[in-house]
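Heads up: the structure comes next, in structure tokens.
Just so it is clear, the values below take in all heavy atoms, side chains as well, and ignore hydrogens, waters and symmetry mates. In what follows, chains carry the letters A, B, and so on, assigned in the order in which the sequence lines appear, proteins first and then strands, with residues in each chain numbered from 1.
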Amino acid sequence: MSNPPLHDWNLAPKAAIELQKQLAGRVELEDRLERIRHIAGVDIGFEESGDITRAAVVVLAWPPAAPGEFEVVEQVVHREPTRMPYIPGLLSFREVPAALAAFDKLTTKPELVMVDGQGIAHPRRLGVASHLGLWLDLPTTGVAKSRLCGRHATPGDERGDWMPLMDGEETIGVVLRSRTGVKPVFVSPGHRLSLPTALEWATACLGRTKLPEPTRLADRLASRRG
DNA sequence: GCGACAG
DNA sequence: ATCTTGTCGC
């Protein structure tokens, strides 16, 4: 893949926050997708007590052979020294550099990328999925296991039930019951796609577990299990 | 000042 | 995120 215009990642919190406000203005929430043939899942894990950051990308073929049965086309792992501590709201500065390096190793070019974390459901509308989407210049959607910001009612108990995630009058994502009887996931568009489309793809990629297949497989690989 | 807080 | 065994439930 090409080398996106990287900025300085090692910024002080205050400077990082200002940069997020700038970059948020570049995020596109209109659908701008190519025909989907490959969907990538991305996640980051840590080794050596957190000293090593491990980025994993798994590419799945679309459509699946059978509902919920995806074929893994390619998967890569990239390890590098951890550069930033975890600070709520500034997650992308800790994870995106490693994710970009992992994408550089990728041979397949996905038309859609699912990221473990928030898209625009972020205080400044620049969660890790949005930030990564800008630098990859690819459609991305965020699927997080818990809430960062916003308020919402409890979605129904049936798989597929959802409720909007609101920040004041603004709808920033949806809380989706991805599996009956399990805590819901938080879906929000990252870049180059709308919320309805983000929800459609997150739902379309569901297997029989809580997380959509792209993110679930990347999660396993990043935690050196898969 | 007091909570809340993706991974 | 990560450290960790068994155990409850479909």
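- Distances shorter than 4.0 Å separate some side-chain N or O of A:Lys145 from OP1 or OP2 on B:dG7.
- Contacts of A:Gly89 with the nucleic acid, taken as non-hydrogen atoms under 4.0 Å apart, include base atoms.
- Close to C:dT2, at under 4.0 Å from its OP1 or OP2, lies no side-chain N or O of A:Ser49.
- For the pair A:Ile52 CD1 and C:dT2 C1', the interatomic distance rounds to 15 Å; values are reported in whole Å.
- Within 4.0 Å (heavy atoms only), A:Gly127 reaches at least one base atom of the nucleic acid.
- Salt bridge annotation for A:Asp219-A:Arg225: present, with a cationic side-chain nitrogen under 4.0 angstrom from a carboxylate oxygen.
- One atom, CZ of A:Arg225, and another, P of C:dT2, lie 8 Å apart when rounded to the nearest Å.
- Atom CD in A:Glu47 sits about 9 Å away from atom P in C:dT2, given to the nearest Å.
- Note: CG (A:Asp51) to P (C:dT2) measures 13 Å, nearest angstrom.
- Here the closest non-hydrogen pair linking A:Ala99 and A:Ile44 is CB-CD1, 4.2 Å.
- In this structure, CD1 of A:Ile44 is placed 9 Å from C1' of B:dG7, rounded to the nearest angstrom.
- Distance from the side chain of A:Arg147 is smallest for B:dC5 among the nucleotides B:dC5, B:dG7, C:dT2.
- Spacing between atom CZ of A:Arg94 and atom P of B:dC5 amounts to 19 Å, rounded to whole angstrom units.
- The distance between atom CG of A:Leu148 and atom C1' of B:dG7, rounded to the nearest whole Å, is 10 Å.
- Using a 4.0 Å heavy-atom cutoff across all strands shown, A:Leu126 reaches no nucleic acid atom at all.
- Between A:Trp62 and A:Phe70, the ring planes lie tilted relative to each other; the angle falls in the 30° to 60° range.
- Of the charged side-chain nitrogens involved, none lies within less than 4.0 Å of a carboxylate oxygen, so that A:Arg192 and A:Glu28 do not count as a salt-bridged pair.
- Side chains of A:Asp31 and A:Ser194: a donor-acceptor N/O pair is present below 3.5 angstrom, by distance only.
- A:Tyr86 qualifies as a stacking partner of the B:dG7 base, centre to centre under 5.5 Å and near-parallel within 30°.
- Between the C1' atom of B:dA4 and the CG atom of A:Asp167 lies a distance of 13 Å, rounded to the nearest Å.
- Note on A:Ser146: a side-chain N or O is less than 4.0 Å away from OP1 or OP2 of B:dG7.
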